[in-house]
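Working notes, beginning with the structure itself.
A, B, ... follow the sequence lines: proteins, then strands. Residue 1 opens every chain. Here the structure is a predicted model, which is why all the values come from computation and not from measurement. What's counted below: heavy atoms across the whole structure, side chains too, no hydrogens, waters or symmetry copies.
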Number of protein chains: 2
Amino acid sequence: MARRGSYAKGIAKREEILSVALDLVATQGFRRTSIKDVADAVGLTQAGLLHYFDSKDELWVAILRRRDEHDNAAQWDAPDFAALLAAVVRHNAEVPGLVQMFVNLSAAAATDPEHPAHDYFRERYESTRSRMTADFRTMQQDGRLRADLDPEELASVLLAVSDGMQIQWLYDPSRDMAEHVELVTRLAMAQATTAS
Amino acid sequence: MARRGSYAKGIAKREEILSVALDLVATQGFRRTSIKDVADAVGLTQAGLLHYFDSKDELWVAILRRRDEHDNAAQWDAPDFAALLAAVVRHNAEVPGLVQMFVNLSAAAATDPEHPAHDYFRERYESTRSRMTADFRTMQQDGRLRADLDPEELASVLLAVSDGMQIQWLYDPSRDMAEHVELVTRLAMAQATTAS
DNA sequence: GTCTATAATTTGATAGAC
DNA sequence: GTCTATCAAATTATAGAC
């Protein structure tokens with residue numbers, strides 16, 4: 001079934017583009033990667049590639065969205081929320097292309113409301129912050145999290161640490177992003193006596 | 001003295017360019033501001049403006065450097081380091097052009113070693129981190145800072161929170177950057193019982 | 001010190017054929 | 001679904017005159 005017209009092929013090609021683009025970004029840098037580079041790498045012309053994505057930025061956003069889906073679907077064997085966040089961040093270090101893309105796009109879209117990724121990021125910050133906030137409230141009721149912290153503020157802070165460490169990591173890959181995130185979660189935990 | 005050739009005038013014009021550029025960025029957004037826009041605003045042609053700066057990115061970096069100088073020279077009536085950092089961050093909210101510039105350039109330069117601002121940022125992260133680290137060591141000796149924290153890690157984290165909150169603030173200006181930074185410093189202080 | 005004029009790309013996007 | 005051809009185009013950067 002579905003022999004020609006080949007609906008499935010289109011989907012597969014789209015997927016291929018997404019992962020090849022990601023590799024290219026990781027290899028030659030986000031800003032040095034043009035839509036034409038990606039097209040060449042998947043054996044298409046630039047115009048051919050734009051058949052799959054409306055614009056360059058739409059392509060980048062599609063990659064970010066796919067990452068979100070994977071992250072949400074993944075089983076992060078994490079005992080608690082702090083560990084989960086650290087696990088995600090730790091995983092990011094394995095995908096430098098995504099980090100580059102995230103850092104650059106979130107900055108570009110932040111200062112331009114017309115940017116194709118603006119809404120994506122605004123909504124992403126809002127939704128992850130509110131999801132984390134809810135988790136933190138529960139943890140406070142369970143006595144696992146310090147009661148004197150504002151849950152929403154803490155959520156913001158953790159997102160900020162994670163974003164900020166990505167930048168520092170890009171300048172100096174020897175810095176351990178996950179470890180720094182864990183430092184903050186440790187401080188936020190109840191009876192945080194800290195184990196080194 | 002110095003009537004013609006007018007050395008002083010060149011300096012003044014340069015200063016004028018720097019501050020007009022900053023205003024433009026704050027008004028119309030970093031990515032929407034071209035070198036020609038700045039030239040128009042100061043009554044120069046684009047080529048005329050490039051007499052003062054070697055390239056567009058050099059102009060941006062010059063603005064950032066000037067900010068650093070001012071910040072370092074300023075008297076931030078701050079009792080301790082935590083308050084100082086918060087004061088700087090709080091001040092940033094008054095200069096949206098600088099925040100936009102910082103966020104965009106630090107991201108762009110992070111993923112491109114050839115970027116004119118790459119070295120500036122790498123060195124800036126390194127030097128501020130090490131200065132903060134030294135401060136924290138002293139504070140630990142004085143018993144003002146929790147002894148179980150790695151001073152350098154804490155320094156990284158605070159820079160990260162500050163950078164990360166700038167991004168969130170650009171997406172949602174109602175979030176208070178300084179307050180979030182203070183949350184972390186509070187947690188790091190010795191006997192952090194927190195006052196709301 | 002400032003301008004005119006122009007180069008030099010690069011790169012993203014569209015129209016229409018196959 | 002993919003290509004050819006072409007546009008749009010915006011900038012940045014440079015050479016050389018005044």
Side-chain angles (χ1 to χ4, degrees), chain A residues 1-18 20-21 24-25 28-63 101 104-105 108-109 111-112 114-118, chain B residues 1-18 20-21 24-25 28-63 101 104-105 108-109 111-112 114-118:
Chain A
M1 57 213 90
R3 175 129 48 85
R4 76 112 198 304
S6 201
Y7 194 60
K9 187 192 170 191
I11 305 227
K13 193 73 184 176
R14 215 184 121 97
E15 278 299 308
E16 187 198 346
I17 294 170
L18 292 177
V20 167
L24 268 183
V25 167
Q28 60 189 218
F30 177 70
R31 299 195 112 79
R32 296 187 176 287
T33 305
S34 71
I35 213 165
K36 180 178 185 307
D37 294 336
V38 179
D40 289 348
V42 293
L44 281 181
T45 59
Q46 179 240 19
L49 188 145
L50 283 182
H51 168 67
Y52 292 93
F53 302 93
D54 290 342
S55 75
K56 179 198 178 191
D57 285 326
E58 298 288 356
L59 165 60
W60 305 140
V61 176
I63 294 176
M101 208 174 286
N104 276 279
L105 278 183
T111 57
D112 180 2
E114 305 304 312
H115 194 290
H118 186 87
Chain B
M1 58 211 87
R3 175 129 47 86
R4 77 112 197 306
S6 200
Y7 194 59
K9 186 192 171 191
I11 305 231
K13 193 73 184 176
R14 215 184 120 97
E15 279 298 309
E16 186 198 346
I17 293 171
L18 292 177
V20 168
L24 269 183
V25 168
Q28 60 189 219
F30 177 71
R31 300 195 111 79
R32 297 188 176 287
T33 305
S34 72
I35 213 165
K36 179 178 186 305
D37 294 336
V38 179
D40 289 348
V42 294
L44 281 180
T45 59
Q46 179 242 18
L49 188 145
L50 283 182
H51 168 68
Y52 293 91
F53 302 92
D54 290 342
S55 75
K56 180 197 176 191
D57 284 326
E58 297 288 357
L59 165 60
W60 305 140
V61 175
I63 294 176
M101 210 174 284
N104 277 279
L105 279 182
T111 57
D112 181 1
E114 305 304 312
H115 194 289
H118 185 86

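B/Asp37 has its CG atom 12 Å from the P atom of D/dA10, to the nearest Å. Computed from coordinates, the A/Leu49 CG to D/dT4 C1' distance equals 16 Å when rounded to whole Å. As rounded to whole Å, 18 Å separates atom P of D/dA13 from atom OH of B/Tyr52. For the pair B/Trp60 CH2 and D/dT12 C1', the computed distance is 12 Å after rounding to whole Å. Atoms NE2 (A/His51) and P (D/dG1) sit 4 Å apart, rounded to a whole Å.
Of the candidate nucleotides C/dT2, D/dG1, D/dC3, D/dC3 has the atom nearest to the side chain of A/Leu44.
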Are B/Leu49 and B/Gln46 close enough, and set up right, to give a side-chain contact (heavy atoms from CB on, under 4.5 Å), and what steps lead you there? CA-CA 5 Å; B/Leu49 188 145; B/Gln46 179 242 18; 5.9 Å; no

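Of the inter-residue distances, the one linking A/His118 atom NE2 with A/Thr111 atom OG1 reads 9.5 Å to the nearest 0.5 angstrom. Here the CG atom belonging to A/Leu105 is positioned 6.5 Å from the CG atom belonging to A/Asp57, to the nearest 0.5 angstrom.
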Scoring nucleotides 10-17 of chain C by protein non-hydrogen atoms under 4.0 Å (B base, S sugar-phosphate only, - none) yields --BBB---

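No side-chain heavy atom of B/Ile63 sits under 4.5 Å from any side-chain heavy atom of B/Phe53.
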Without placing hydrogens or testing angles, list every side-chain donor-acceptor pair under 3.5 Å for residues 30-44 of chain B, not counting sequence neighbours.
unit_1  : atom_1 : unit_2   : atom_2 : d
B/Arg31 : NH1    : B/Asn104 : OD1    : 2.1
B/Arg32 : NH2    : A/Asp112 : OD1    : 2.9
B/Thr33 : OG1    : B/Gln28  : OE1    : 3.3
B/Thr33 : OG1    : B/Gly29  : O      : 2.7
B/Ser34 : OG     : B/Lys36  : N      : 3.3
B/Ser34 : OG     : B/Asp37  : N      : 3.2
B/Ser34 : OG     : B/Asp37  : OD2    : 3.4
B/Lys36 : NZ     : B/Asp40  : OD2    : 3.0
B/Asp37 : OD2    : B/Ser34  : N      : 3.0

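Partners of A/His115 according to the ring pair (Phe, Tyr, Trp, His ring centres under 6.0 Å) rule, which considers only residues two or more places apart in sequence or in another chain, do not exist here.
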